[in-house]
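Here the structure is a predicted model, which is why all the values come from computation and not from measurement. In what follows, chains are A, B, ... by sequence order, proteins preceding strands, each numbered from 1.
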Amino acid sequence: MATMNKIQSRMKSVKDIMKITNAMYLISSSKMKKARKSLVATEPYFDKLLSTINDILLRAPHMHQIFFERREEIPYAKRKRGYLVVTADKGLAGAYNHNVIRLAEEEMKKGTNNYLFVIGQVGRHYFFRKNVMIDGEFLYTAQNPTLYRAREIAESLIHLFKEKQLDEVYVIYTDMVTPMKPEPKVLRVLPLERKKLERRAHNIHHAHFYPSPEQVMDGLVPNYIKGLIFGVLIEAYCSEQYSRMVAMEAATNSAKDMIKELKLLYNRARQSAITQEISEIVSGASGLKH
Amino acid sequence: MAKTFHLDIIASDHPFYSGDCETLVFPGLDGEFGILPNHEEMVTCVNEGEIRFKVDGEWRYAAVSTGFIEVISNKVILLSDTVERPEDIDANRAEEAKQRALERLRQKQSIAEYYQTQAALNRAMSRLKVTKKHN
């Protein structure tokens, strides 16, 4: 009897958990639909932005402009590297947070002067526990990315780069490589690099920058970084919902499997209890007869 | 058939236009800037304001916010934060945004805040201008 009770309470707890995972699956799949819609709307912009910037850098003439400053006088290990790490606000999204954080930690091994700007509560808590220096003022949520938020983030990063508080700026986020495959990625944002060798190899001429290359870059680069961060936030949000949906679906399925197994065990225990009872009665009755 | 070039106008939240175009006029850094077919290779910035482009002899209008433009081998790519047709602009919302920005400009602010508010004001004003002109 004891085992039957145990199995039953076990089944109940599995069922309760399943209710939660199933609800989370439904929520994340509806959020996912929304995120996917904005991703589909923004992806052309994001892709075109990256390819156009690539094109522009290919055709840019030499210029003295702050966004191209490589600051080579600073040794490799001492460079101040800023990382914008995009994580989720909540856990239970499979390996989503884990993958981004692991990639960030790998990148951070490059030097000792790391400055972290973390989006999303999970990443913030993780790095806080690890005693990594993170910017405490940098409080942004990962949910429902807006252009306004991207603009603020871009402005603060550009400001730090201009003030020489950062020498290199990277973004670490999760990209939806295909509609079914999120993958963590690192992108260098600043400084920009002219592709001199590539240009010479392809024999491409300099384009005309109007009114002057410096002025164009002054306006263009902040705009590009803002667009880039907006795209990154949207990609990351969609990846998060996708990862959570997949994780919760798997959890619900394995809960179903567990219930099936437990039910079998329970029935077996019940059957053997009945058999035992019958054999007890029979043997008792036969004992009375003699 | 007039000479044309390929034009891509892409806003951050949707691709706005992709196709052939005869002329494109946009607000540049120091005044309006026109592009005709076979323009030299060029990169420049776009300010808040109104763009117009001619397709099949007919002018089309839109309000843009800041962005940039690239002209390469008779292909023009205009990337901007927002691109809206006059009929899609909510004039009331733009008016509210303008009032809000004006209100904020009257207060003491840091330089960064001041630039932000000014940019917000420019966006609202250019939207209002475009709606007033075409509706």
Indicate yes or no: at least one non-hydrogen side-chain atom of B/Phe68 is less than 4.5 angstrom from one of A/Leu49.
yes

Nearest 0.5 Å please: distance from the CG atom of B/Leu79 over to the OG atom of A/Ser51.
8.0 Å

Atom CZ in A/Phe230, atom OG in B/Ser12: separation rounded to 0.5 Å?
5.0 Å

Between A/Asp218 and chain B, which part of the residue has a heavy atom less than 4.5 Å away: side chain, backbone, both or neither?
neither

Hey, does B/Asp81 have a side-chain heavy atom less than 4.5 Å from the side chain of A/Tyr45?
yes

Does the side chain of B/Val43 come within less than 4.5 Å of A/Arg59's, by heavy atoms?
no

Do any of residues 152-175 of chain A come closer than 4.5 Å to chain B, heavy atom to heavy atom, and if so which ones, in number order?
A/Glu155

Interface residue of largest heavy-atom contact number with chain A, from B/Glu70, B/Met42, B/His14, B/Gln116, under 4.5 Å:
B/Glu70

Under 4.5 Å from any heavy atom of chain B - which part of A/Leu220:
both

Can you tell me how far apart CD1 (B/Ile69) and OG1 (A/Thr52) are? Round to the nearest 0.5 Å.
11.0 Å

Has A/Arg71 got more than 12 heavy atoms of other residues, nucleotides or ligands less than 6.0 Å from its CZ?
yes

Can a donor-acceptor pair be found, under 3.5 Å and without considering hydrogens, that links the side chain of A/Asn223 to the backbone of B/Thr66?
yes

Suppose a student defines contact as a heavy atom less than 4.5 Å from any heavy atom of chain B. Which residues in residues 180-191 of chain A would they list?
none

Need one label for A/Thr42: side chain, backbone, both or neither, based on atoms under 4.5 Å from any heavy atom in chain B.
both

List the atom of B/Pro15, the atom of A/Pro44, and the distance in Å for their closest heavy-atom pair.
CG-CG, 3.6 Å

Over 12 non-hydrogen atoms of neighbours within 6.0 angstrom of CZ in B/Arg85:
no

Look up atom NZ in A/Lys48 and atom CD1 in B/Ile77, then write down how far apart they are to the nearest 0.5 Å.
4.5 Å

Taking side chain as everything from C-beta outward and backbone as N, CA, C, O, which of these in B/Asp8 sits under 4.5 Å from a heavy atom of chain A? Side chain, backbone, both or neither.
side chain

